[in-house]
Each structure stands twice: as structure tokens, then as C-alpha cells.
Amino acid sequence: RIRSFHENCRDAGKTPGTRTIYVREIAASPQDINDLQLTEGDRVVECLRLRTADGEPVILENNHFSLAYSYLESTDMNGSLYRLLQDYGIRAENTTYEISQKQAEGDEAELLKAEEGSLLLRVRQVVYDQRGRPLHNSLQLIRGDRFTLKI
């Protein structure tokens, strides 16, 4: 089962928080086309959010959804994404993970309050709904010194 950020935070005895940086429509990248089973020229809804634990930034999360989820552009995205989607009858059921490291740089370092060049955990996911269809892809940059991801 997929564990949400909110569950991971609460299990660690921390209070989860979310600040939406932006939600916008953009051209689908080749990665989006592959992950979300789209076609050339399609667009996606991109949602960039900063996740906090006890008020400290711990994850910079970038999610891409097909335009079937365009309603997210006018939805409050400052809470639990999976709880929000459940209100629309959508459940995140399965995921694939690619986990690596990356050095913090530029805006991401600033948003995460990380030193330039410090190591971040880089988690790339493709999440599938209860029918086995791609729900979204995600790139999360995690401050491993402040947050533990349970999978």
C-alpha cells in the first residue's frame, strides 16, 4: 500500500504541512508521455509543493497529471493529495520507485533551506490508481537529514 507524506510524518511524531508553489498546465515531456501513457503534443497539470514537518521544509515535490485531472488547477492543494483524490473516487493503489541522490542547487536548495551542494534523496515515482491506470508521476527531493521516507 502507498504511504502518504502525512502518514509518514505522523508516524514520526511530526506535524505535516504543505505549501503549494504553483499548479499550472505545461507541455508533456517525453517522460510524462511514457509514464502517463499520453501522446505527443499532450499537456499535463504540473503541481509543485513544498512539504514540511513541524514547520521545517523536508520535501520538494513535483507531480504531473494528465489533463483528466485539470480540476486540480482550481483546487486547494495544501493538504493531503491522496485524501483530496479520494473525494473524487480515486485511490492511489500501486507505485514504482527510482531512488538516487542529487546535489541541492538553486531554487530547490533555497526552498528546502539546504546548503548548495548538499545531498538530497531523489525519489521518482509513477503512481497508479485502483484500476491500474497511471495516476501521476512524481519527483521528490528529500532532506534525508530531516525526514525519513518509509516505503
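Values in this document were obtained by computation on a predicted structure and should not be read as measured data. In this chain, numbering begins with 1 at the start of the sequence shown.
Looking at every heavy atom in both residues, Glu61 comes nearest to Ser138 through CG-OG, 4.2 Å. Looking at every heavy atom in both residues, Pro57 comes nearest to Arg143 through O-CG, 4.1 Å. The two residues Arg49 and Gly79 have their closest heavy-atom pair at NH1-O, 3.0 Å. Contact between Glu7 and Ser4 at its shortest, heavy atoms only, is OE1-N, 2.7 Å. Contact between Ser66 and Val45 at its shortest, heavy atoms only, is O-CG2, 4.3 Å.
Applying the side-chain hydrogen bond (donor to acceptor under 3.5 Å, both in side chains) criterion to Arg91, with sequence neighbours excluded, gives Glu93. Among residues two or more places apart in sequence or in another chain, the side-chain hydrogen bond (donor to acceptor under 3.5 Å, both in side chains) test is passed with Tyr128 by none.
If you chain together hydrophobic residues whose side chains sit under 4.5 Å apart, Leu48 and Val58 never meet in one group. Residues Phe65 and Tyr82 are members of one and the same hydrophobic cluster, defined by side-chain heavy-atom contacts under 4.5 angstrom among Ile, Leu, Val, Met, Phe, Trp and Tyr. Phe5 and Leu139 sit in two unconnected hydrophobic clusters of ILVMFWY residues. Membership requires side-chain heavy atoms under 4.5 Å apart, directly or through other members. Residues Leu50 and Leu120 fall within the same hydrophobic cluster, defined by Ile, Leu, Val, Met, Phe, Trp and Tyr side chains chained together at heavy-atom separations under 4.5 Å. Using a 4.5 Å cut-off between side-chain heavy atoms of Ile, Leu, Val, Met, Phe, Trp and Tyr, with links allowed through other members, Tyr88 and Leu81 fall into the same hydrophobic cluster.
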Show me the donor-acceptor pairs within less than 3.5 Å that the side chains of residues 104-115 make with the rest of the protein, sequence neighbours left out.
from   : atom 1 : to     : atom 2 : distance (Å)
Glu105 : OE2    : Lys102 : NZ     : 3.4
Glu108 : OE2    : Lys102 : NZ     : 2.6
Glu108 : OE2    : Glu105 : N      : 3.2

Quick one: side chains of residues 67-74, donor-acceptor pairs under 3.5 Å with protein atoms, not counting sequence neighbours, listed by atom name and distance.
from  : atom 1 : to    : atom 2 : distance (Å)
Ser70 : OG     : Leu67 : O      : 3.3
Ser74 : OG     : Tyr71 : O      : 3.3

Which side-chain N or O atoms in residues 20-29 pair as donor and acceptor under 3.5 Å with protein atoms at least two apart or in another chain?
from  : atom 1 : to    : atom 2 : distance (Å)
Thr20 : OG1    : Met77 : O      : 3.3
Thr20 : OG1    : Asn78 : OD1    : 2.8
Tyr22 : OH     : Arg24 : NH2    : 3.2
Arg24 : NE     : Glu46 : OE1    : 2.9
Arg24 : NH2    : Glu46 : OE1    : 3.0
Glu25 : OE2    : Arg43 : NE     : 2.8
Ser29 : OG     : Gln31 : N      : 3.3
Ser29 : OG     : Asp32 : N      : 3.0
Ser29 : OG     : Asp32 : OD2    : 3.2

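Within the structure, ring-ring contact (aromatic ring centres under 6.0 Å, His included) contacts touching residues 105-126 (residues at least two apart or in different chains) do not occur.
Atom OG1 of Thr15 is separated from atom CD of Glu56 by 12.5 Å, given to the nearest 0.5 angstrom. Put simply, CD1 on Ile142 and CG on Leu119 are 13.5 Å apart, with the number rounded to the nearest 0.5 Å. The CD atom of Gln140 sits 5.0 Å away from atom CD1 of Ile59, with the distance rounded to the nearest 0.5 Å. With rounding to the nearest 0.5 angstrom, the CG atom of Leu135 is 5.5 Å from the CG atom of Leu85. Atom-to-atom distance recorded for Arg122:CZ and Glu98:CD is 7.0 Å, nearest 0.5 angstrom. Remark: Leu141 CG to Arg51 CZ distance equals 13.5 Å, nearest 0.5 Å.
Checking Gln125, Arg124, His64 one by one against Asp35, the side chain to side chain donor-acceptor pair (under 3.5 Å) holds for a single residue, Arg124.
Judged by distance alone, the side chain of Asp42 and the main-chain N or O of Thr39 form a donor-acceptor pair under 3.5 Å.
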